[in-house]
Engineer: 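For reference, the structure I am asking about is given below.
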Amino acid sequence: MNNTNEIKFLDLASLHVPLRVELDAAYRRVMDAGWFITGAELEAFEQEFAAYSQVQHCIGVANGLDALHLILRAYDIGNGDEVIVPANTFIATWLAVTQAGATPVPVEPDAETYNLDPARVEEKITPRTRAIMAVHLYGQMADMPALREIADRHGLRLIEDAAQAHGARGHGRTAGSVGDAAGFSFYPGKNLGALGDGGAVTTSDAELADKIRLLRNYGSKVKYRHEIAGYNSRLDEMQAAFLRVKLRHLEGWNEQRWTQADYYTRHLASCNRVQSPFVPDWAQPVWHLYVVRTPERDALQAWLADGGIQTQIHYPIPPHLQGAYAGMQICKGSELPISESLHKEVLSLPIGAHITVALQDRIIERVVSWPDC
Ligand SMILES: *Cc1c(COP(=O)(O)O)cnc(C)c1O
């Protein structure tokens, strides 16, 4: 296959072409100000992203993992504590918990939405449980009202891992505004991505927001006075300035993804052995990923690769089977059969601003001509 003809899974260079003038101006503004850490750009971005996410406070941090980790630290969740997490998620959800010194307790997903199954959460709650960390996987919100009810009944914090869900809605509410606090990632490939690493915490809890502001900046509010032992985890001025530009385009990009996802789902319906994503009627996902499922996943991936179409797997190995957790007695595998079968069967198709209708037609044609389809 001719490489110039290959359809890329992700193409950030082409995403940024129409933004070049705005991004160049943002860069120059920061250079001319000569101020690079915790300044006017960060403050402005925090206000703009808080408004977008419909919360009172946004605190920019270095990345999505730190956002989740700092939320746990701010709640004093650590040694001896347990946090409910999805069994099927990117490992950062679990790493936030283990970095804080707490134990992740995995719960199997709903077999249709692949999100945390509220019906399975309650049986995992023990006297040590302090929080539920829900992930809005692939950009579709978890069933937050059901999780809220369980969290309230047991006196637990409800935390959102919204790293894949900027602007997603569920039951009429925006991702990042439903839990006690939420962690966002601005990793370049996310729906809202910086030109480097970045992250944020959103919350409407003023006390929590203050604590996170301290924690991200060496435990210091006034320079060289350190009230608590903090971290260095700040969203720098350059990234904040770039994110302000890209935030203005987020709704448009999310709408385009919605259209593309709808187009995929309609045109792949004839393929009996390739299952499209399920969307409950209360959810408006932002389609960070468009993930199909088929028992012959590896064969489909190879078939698409032969047709010059890049795909990815989110994720090939569940956290509990990673080397990182080999020493932890979380579970020995086979206790999480839904999650383990998902990891063998999911495949992410290209989606986003670089996928024109013509390219999407080429992808669909290739999938429906798959002999196993
Ligand atoms: C990307 C991601 C993170 C971590 O974000 P980083 O900015 O890369 O640290 C956490 N959780 C989920 C679900 C993610 O997709």
Side-chain angles (χ1 to χ4, degrees), residues 9-10 12 45 49 58-73 83-100 104 106-107 109 113-116 131-142 144 147 158-168 170 175-176 178-179 181-202 212 215-216 231-236 239-240 242-243 246 257 285-291 312-320 322 324-325 339 342-343 346 348 351-352:
F9 184 76
L10 183 70
L12 295 175
F45 173 71
F49 194 67
C58 167
I59 306 98
V61 297
N63 54 64
L65 171 57
D66 280 6
L68 298 170
H69 172 231
L70 294 184
I71 292 168
L72 295 171
R73 290 281 176 192
V83 177
I84 303 274
V85 293
N88 58 318
T89 179
F90 180 54
I91 196 168
T93 316
W94 288 42
L95 287 174
V97 176
T98 49
Q99 272 184 17
V107 169
T113 64
Y114 313 153
N115 268 325
L116 203 51
I132 299 170
M133 193 177 274
V135 178
H136 305 315
L137 197 68
Y138 308 148
Q140 176 164 298
M141 282 184 76
M144 296 303 282
L147 294 171
L158 180 57
I159 300 165
E160 297 172 71
D161 178 342
Q164 303 186 352
H166 321 71
V178 189
F184 283 90
S185 164
F186 305 124
Y187 179 78
K190 301 290 159 94
N191 286 31
L192 177 61
L195 308 190
D197 272 312
V201 173
T202 57
I212 294 198
L215 284 171
R216 76 168 171 188
Y231 302 85
N232 175 356
S233 182
R234 300 167 302 211
L235 179 65
D236 67 67
Q239 297 308 333
F242 292 144
L243 285 165
K246 293 185 70 177
R257 285 172 182 272
V286 288
W287 300 102
H288 173 57
L289 299 167
Y290 186 88
V291 179
Q312 285 190 12
I313 296 167
H314 298 92
Y315 297 89
I317 304 168
H320 71 282
Q322 295 282 356
Y325 290 120
S339 180
L342 272 177
H343 287 80
V346 290
S348 305
I351 191 167

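Atoms within each ligand, like the ligands themselves, are counted from 1 in listed order. Values below: all heavy atoms of this structure, side chains included; hydrogens, waters and symmetry mates excluded.
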Engineer: Start with the C-alpha gap between Phe184 and Lys190, add the side-chain angles, then the distance that decides, and say whether side-chain contact (heavy atoms from CB on, under 4.5 Å) holds.
Structural biologist: CA-CA 10 Å; Phe184 283 90; Lys190 301 290 159 94; over 6 Å; no
Engineer: Might you work through the side-chain contact (heavy atoms from CB on, under 4.5 Å) test for Ile59 and Leu70, ending with a clear yes or no?
Structural biologist: CA-CA 11 Å; Ile59 306 98; Leu70 294 184; over 6 Å; no
Engineer: Does atom OH of Tyr187 have more than 12 heavy-atom neighbours from other groups under 6.0 Å away?
Structural biologist: no
Engineer: Where do Leu10 and Gln312 land on the side-chain contact (heavy atoms from CB on, under 4.5 Å) test, with the steps shown first?
Structural biologist: CA-CA 10 Å; Leu10 183 70; Gln312 285 190 12; 5.7 Å; no
Engineer: Give every pair made of an N or O atom of ligand 1 and a protein N or O atom lying under 3.5 Å apart, one pair per line with both atom names and the distance to 0.1 Å, or write 'none'.
Structural biologist:
from, atom 1, to, atom 2, distance (Å)
ligand 1, 5 (O), Ser185, OG, 3.2
ligand 1, 7 (O), Gly64, N, 2.8
ligand 1, 7 (O), Ser185, OG, 2.6
ligand 1, 9 (O), Gly64, N, 3.2
ligand 1, 9 (O), Leu65, N, 2.9
ligand 1, 11 (N), Asp161, OD1, 3.2
ligand 1, 11 (N), Asp161, OD2, 2.7
ligand 1, 15 (O), Gln164, NE2, 2.8
ligand 1, 15 (O), Lys190, NZ, 3.0

Engineer: Over all heavy atoms of both residues, which pair between Arg234 and Arg216 is shortest? Give the atoms and the distance, please.
Structural biologist: CG-O, 3.4 Å
Engineer: Hey, do the aromatic rings of Phe186 and Phe242 have their centres closer than 6.0 Å?
Structural biologist: no
